[in-house]
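Just below is one structure, and these are the notes that go with it.
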Amino acid sequence: MSKRKYIFVTGGVMSGVGKGIASSSIGTILKARGLKVTALKIDPYINVDAGTMNPTEHGEVFVLNDGDETDQDMGNYERFMDVDLSRMNYMTTGRVYQTVIEKERNLEYKGKNVEVVPDIPLEVISRIERAADLAEADVAIVEIGGTIGEYQNIIFLEAARMMKTKLADDVIIIMLSYLPMPSKIGEMKTKPTQYASRTLNGVGLQADIIIARSELPLDQKRKDKIALFCNIKPENVISAPDVESIYDVPVNFERDNLGVIISKKLGLKNHIKTNLDSWKKFVSSSRNTKGEIKIAIVGKYFDSGDFVLGDVYISVIEAIKYSAYKEGRKAIIEYVNSKDVESGKYKVGDLAKYDGILVPGGFGKTGVAGKLEVIRFAREKKIPYLGICYGMQLMVIEYARNVLGWKDANTFEIDPASKHLVIDIMPDQKEKLKKANYGASMRLGGYPCQLNPGTIAFDAYADSQSPSYKLEAKSHKLINERHRHRYEVNPKYINELIKAGLVFSGVSPDGALMEIAELNTKDHPFFLGTQFHPEFLARPLNPHPLFTAFIISTLKK
Ligand code: GLN
């Protein structure tokens with residue numbers, strides 16, 4: 001490999017048209033050319049990370065192996081490119097300023113006057129370079145959040161300009177634009193893209209490639225028009241119509257030659273040839289399913305104004321899909337709001353129509369009573385159940401209340417005064433909360449977990465290629481999964497829970513923390529909860545073993 005290459009992906013016209021998926025797909029098609037690729041996301045907000053943000057507002061918090069709480073696009077990168085990323089791959093305005101200010105306090109600028117320009121973009125550049133170094137990447141893709149022309153991301157565009165000036169042909173700029181098709185006009189309009197291109201020129205950047213998102217494929221006339229007014233060749237305008245599935249995007253990009261164009265522009269002459277076979281195989285498996293399974297996700301972060309969104313649970317949703325495809329099924333996923341179960345608006349008995357029920361992670365009191373009702377229903381009616389994080393903690397509470405008869409069993413999070421705190425606060429967390437230290441202070445990221453043979457969990461991992469033990473000793477007994485929680489199963493009650501029939505099939509290597517709880521298959525076809533978040537390690541080409549075991553159990557229902 002010669003020199004390292006950089007691709008900046010910026011958004012024109014409007015947000016929400018798939019910059020993250022476009023960046024991920026660029027990663028996929030470059031990886032298919034034998035290149036080592038990494039991807040970075042720059043979020044323009046002041047929050048240092050995504051950890052403290054309200055899920056309904058921000059969407060999912062994606063946790064990296066090193067514990068960084070990031071944007072859901074990082075999940076897309078990891079899934080599309082099948083890589084593990086680090087906190088150096090994620091930055092926000094807050095994070096960059098925080099570092100610069102800390103450096104200034106530590107006299108690292110040696111008495112110099114520290115200024116927004118150039119010191120902030122220089123810090124951005126140094127992070128991009130360090131992330132590329134860490135990944136030993138041939139190509140680093142840098143997605144700049146927000147839209148061209150807004151105030152917030154201008155400093156990041158300045159970083160791109162400085163890098164382009166310094167590294168010239170080793171840097172390219174891709175603008176993802178949008179061509180609206182007003183129904184009354186009946187044709188795609190290029191003008192907003194022209195304005196976006198000029199605004200980009202105004203900050204000293206020229207797009208090398210424009211990816212034109214639209215409802216329909218772009219015709220030659222519009223490619224020519226964009227080319228003429230945005231100073232690029234028509235062949236460098238890529239048509240990116242709406243697609244049925246996000247996983248079609250890499251294949252579509254290749255259809256318009258994007259991989260070849262990028263390789264040529266960056267001087268990657270030995271990487272013109274591509275092999276997207278395994279990706280295409282996955283896409284075709286998603287198309288050729290032989291039946292459906294119905295899964296209910298019972299959560300509470302669905303409401304967005306008058307709309308119902310599954311965004312907060314995106315990794316869970318994708319993880320279900322991958323395992324379902326692997327088993328030749330299409331997963332029909334429906335959202336049930338636990339607040340509606342609580343209020344009686346949703347009758348818990350209606351859940352009988354699902355092949356499987358999943359309670360994902362969550363926080364706080366609202367909707368908990370509804371979730372507990374759902375878990376009891378799944379247990380008693382023997383409907384396959386997968387509980388993740390809060391979904392596992394509540395599973396333990398439900399068991400304690402209804403099997404052990406401890407009616408007041410609870411979690412410290414809801415009722416610290418309860419007599420049976422089967423879920424308690426982790427000792428180090430108490431101090432953090434006392435000091436109102438909420439940011440990046442949970443138990444976060446990858447931790448090892450020891451599996452006990454003869455359990456559902458052990459068998460699930462035993463014959464899979466899960467990335468969960470890529471990092472560890474490749475032992476099927478020791479896995480590594482990502483966490484995000486403050487509370488844990490209270491060691492005080494473990495023996496009694498075990499005596500009552502709950503099986504702890506995964507524990508931390510020192511035996512202190514319960515990582516996986518399940519019921520014996522004699523008692524229930526699949527009733528399993530994990531303190532960690534398996535969804536963060538589910539990949540299209542490598543579905544997660546626990547999700548796969550869950551899906552398989554729904555087929556037997
Ligand atoms: N609220 C619980 C805790 O902090 C569960 C967190 C989660 O589901 N991610 O322990």
Side-chain angles (χ1 to χ4, degrees), residues 49-56 58-65 67-70 72 75 297-302 310-317 319 338-339 357-372 374-375 385-398 400 409-416 418 421-434 436-447 449 481-491 493 506 508 512-517 528-538 546:
D49 58 38
T52 55
M53 279 186 254
N54 182 341
T56 38
H58 174 267
E60 176 183 80
V61 175
F62 188 83
V63 183
L64 302 181
N65 192 50
D68 203 18
E69 297 172 282
T70 70
Q72 63 191 56
I297 297 183
V298 185
K300 69 167 176 180
Y301 303 121
F302 296 118
D311 243 37
V312 177
Y313 306 111
I314 185 74
S315 295
V316 173
I317 292 167
S338 59
K339 290 184 273 186
I357 297 172
L358 190 151
V359 174
F363 295 86
K365 195 175 177 169
T366 33
V368 158
K371 286 181 189 169
L372 287 168
V374 168
I375 296 169
Y385 170 81
L386 179 59
I388 296 175
C389 208
Y390 217 13
M392 180 249 205
Q393 297 175 352
L394 296 174
M395 168 182 155
V396 174
I397 293 172
E398 190 279 322
N410 219 325
T411 163
F412 187 95
E413 188 170 356
I414 295 181
D415 180 13
S418 148
L421 276 182
V422 287
I423 305 297
D424 201 3
I425 185 154
M426 287 186 273
D428 59 319
Q429 290 291 333
K430 234 180 207 160
E431 291 308 307
K432 291 179 181 167
L433 292 193
K434 247 191 238 157
N437 172 10
Y438 294 109
S441 66
M442 286 187 245
R443 180 173 181 245
L444 291 167
Y447 284 93
C449 160
E481 294 275 1
R482 299 183 189 172
H483 298 68
R484 183 174 188 243
H485 64 117
R486 275 187 216 286
Y487 306 91
E488 57 157 331
V489 178
N490 191 342
Y493 295 112
S508 60
L513 300 170
M514 300 301 106
E515 295 279 13
I516 312 176
L528 184 144
T530 61
Q531 185 57 78
F532 52 79
H533 290 265
E535 71 272 24
F536 293 144
L537 282 180
L546 286 181

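All residue numbers in this chain count up from 1 along the given sequence. Everything numeric here is computed off the predicted structure, so don't read it as measured data. For ligands, and for the atoms within them, numbers begin at 1 and follow the listed sequence.
With sequence neighbours left out, the salt bridge (charged side-chain N to carboxylate O under 4.0 Å, His left out) criterion links K430 to no other residue.
Here the closest heavy-atom approach between residue I397 and residue A409 is recorded as CG2-O, 3.5 Å. The minimum heavy-atom distance linking D49 with E69 is given by the pair CB-O, 3.2 Å.
Checking side-chain atoms of T530 against main-chain N and O of I388 turns up no donor-acceptor pair under 3.5 Å.
Of the options R443, H533, E413, a side chain to side chain donor-acceptor pair (under 3.5 Å) to H485 is made by R443 and by none of the others.
Residues E60 and S315 have side chains that bring a donor and an acceptor to within less than 3.5 angstrom of each other.
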When you pair each N or O of ligand 1 with protein N or O atoms, which pairs come out under 3.5 Å?
from, atom 1, to, atom 2, distance (Å)
ligand 1, 1 (N), G362, O, 3.0
ligand 1, 1 (N), E413, OE1, 2.7
ligand 1, 1 (N), E413, OE2, 3.1
ligand 1, 4 (O), R486, N, 3.0
ligand 1, 8 (O), G362, N, 2.9
ligand 1, 8 (O), G362, O, 3.4
ligand 1, 8 (O), Y390, N, 3.0
ligand 1, 9 (N), R484, O, 2.9
ligand 1, 9 (N), H533, NE2, 3.2
ligand 1, 10 (O), Q393, NE2, 3.0
ligand 1, 10 (O), R486, N, 3.1
ligand 1, 10 (O), Y487, N, 2.9

